[in-house]
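Ligands are counted one by one from 1 in listed order, and the atoms in each one are counted from 1 as well. Quick note: numbers below take in every heavy atom, side chains included, and nothing from hydrogens, waters or symmetry partners.
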Amino acid sequence: AKESGRNNYQFYTADMNARASEILLVESQLRRALERDEFVLHYQPQVDMRSGRLVGVEALIRWQHPERGLVGPNQFIPIAEERGLIAAIGNWALREACRQNKAWQRAGLPAIEVAVNLSALQFHHQDIANFIAAQLAEFELDACHLCLEVTESIIMEDAESTVSTMSVLKQMGLRLAIDDFGTGYSSLSYLKRFKADKLKIDRSFVADVPGDSDDSAITRAVISLARNLNLQVIAEGVETAAQWQFLQSEGCDEVQGYLISRPLPAAELGLRLAAGEWL
Ligand code: C2E
Ligand code: CA
Ligand code: CA
Ligand code: CA
């Protein structure tokens, strides 16, 4: 028993060491990626359900890894958060989204809203309002063309300072969306205090509508809550016509998902907008 216990312990530490060295490897590669400019943003359309027209795009980060190819954010954002790199990476994304949005406008495309994901650490461990103001000024971008997607975890973490930062951001004219709505543990009372513009219904609820009656009830309730609070409501992860029909009949305002388009490289989105798609 003692013998096997020791073996288990050895396996356990071997696993932990493997995981720890994988994290260290990714961390050092992420630092290099920042220096060598290996990140890219893809943009996923968000359309109005009534008109079918594009209202905005969500900027989603990818890592163009020299050996591993295009790496999705779930593969590196959690490590970036754990290793203190998320502010640098997230700030890069915010800045790049502003630059790209202005470039589309300068190319003569209709002005759209670009939504950027903010990590809780990025929000709390720097003067985010100041950083954003500097980017808007540098790229001469109107604040109303930038939307910040924040999660319930941001809102929960440090309620007082969050309320004041949020109101500064609102006063600057930025748009605020609450991301992954319904997946956090916070009380709904924050909805009164945070003056968001939009609720995003999480993909995990949308996935099984209209077939699953629980998910349908939750989705219906979120849409009705948003409408009663005068918030716009957008469903993410919409893949099927049946989901679209359900959401439309329940009065959802906007949708985002593979049914409309996958996230696209900037150049491709620009071409499709120039061709009049979704307009
Ligand atoms: P999220 O903010 O919930 O983004 C939506 C995710 O759903 C994206 O995954 C998107 O590609 C995916 N998606 C969209 N439509 C569909 C659909 O119809 N079906 C399915 N199955 N998936 C769909 P992605 O791009 O892998 O991003 C994953 C997460 O990484 C994001 O979740 C967000 O939390 C995080 N993330 C992405 N970019 C950034 C960033 O710049 N900063 C930070 N802090 N986080 C980011
Ligand atoms: Ca998001
Ligand atoms: Ca989500
Ligand atoms: Ca998310």
With the Ca ion (ligand 3) at the apex, how many degrees lie between OD1 of Asp180 and OE2 of Glu236, rounded to 10 degrees? 120°
Let me confirm one number: the CG-CG distance from Leu174 to Asp142, rounded to the nearest 0.5 Å. 9.5 Å
Which of the atoms in ligand 1, numbered in the order shown and given with their element, are less than 4.0 Å from a heavy-atom of [X]?
{"X": "Ala93", "value": "41 (O)"}
{"X": "Glu239", "value": "17 (C), 18 (O), 19 (N), 20 (C), 21 (N)"}
{"X": "Glu58", "value": "2 (O), 4 (O)"}
{"X": "Gly257", "value": "15 (N), 18 (O)"}

Once the angle between the rings of Trp92 and Phe39 is folded into 0 to 90°, is it parallel (under 30°), tilted (30 to 60°) or perpendicular (over 60°)? tilted
With Glu236, which of Val206, Val255, Asp179 fulfils side-chain contact (heavy atoms from CB on, under 4.5 Å)? Asp179
I'd like to know whether ligand 1 has Gly237 as a neighbour, heavy-atom separation below 4.0 Å. yes
Measure the distances from the heavy atoms of Pro263 to every atom of ligand 1 and state whether one is below 4.0 angstrom. yes
Just to be sure I read this right, does ligand 1 sit under 4.0 Å from the backbone of [X], its side chain, both, or neither, counting only heavy atoms?
{"X": "Asn74", "answer": "side chain"}
{"X": "Ser119", "answer": "both"}
{"X": "Gln256", "answer": "neither"}
{"X": "His42", "answer": "neither"}

Is the NZ or CZ atom of Arg193 positioned over Tyr190's six-membered ring, under 6.0 angstrom from the centre and within 45° of the axis? no
With the Ca ion (ligand 2) as the point of reference, which N/O/S atom of [X] is the closest?
{"X": "Glu149", "result": "OE1"}
{"X": "Asp179", "result": "OD2"}
{"X": "Glu58", "result": "OE2"}

Does an N or O anywhere in [X] fall below 3.5 Å from an N or O of ligand 1?
{"X": "Asp202", "value": "no"}
{"X": "Gln44", "value": "yes"}
{"X": "Pro73", "value": "no"}

Heavy-atom check, side chain of Phe181 versus side chain of Ile201, under 4.5 Å: no
In the structure I gave you, are the side-chain heavy atoms of Arg95 and Glu138 within less than 4.5 Å of one another anywhere? yes
Lys200/Glu149 ion pair, N-O < 4.0 Å: yes
When you measure from atom 3 (O) of ligand 1 to each heavy atom in Thr183, Leu259, Val206, Asp180, which option holds the nearest one? Asp180
If you take the nearest heavy atom of each of Leu121, Ile89, Asn117, which one is closest to atom 45 (N) of ligand 1? Asn117
Exceeds 12 heavy-atom contacts within 6.0 angstrom, atom CZ of Arg19: no
Can you hop from Leu191 to Ile223 via hydrophobic side chains spaced under 4.5 Å? yes
Treat each ILVMFWY residue as a node, draw an edge where side-chain heavy atoms are under 4.5 Å apart, and state whether Leu30 and Leu70 are in one component. no
Using a distance-only test with no angle check, is there a side-chain donor-acceptor pair under 3.5 angstrom linking Glu250 and Thr219? no
Minimum-distance pair of heavy atoms, taken over all atoms of Trp104 and Gly270: NE1-CA, 3.7 Å
Looking at Asp202, which of its N, O or S atoms is the nearest one to the Ca ion (ligand 3)? OD1
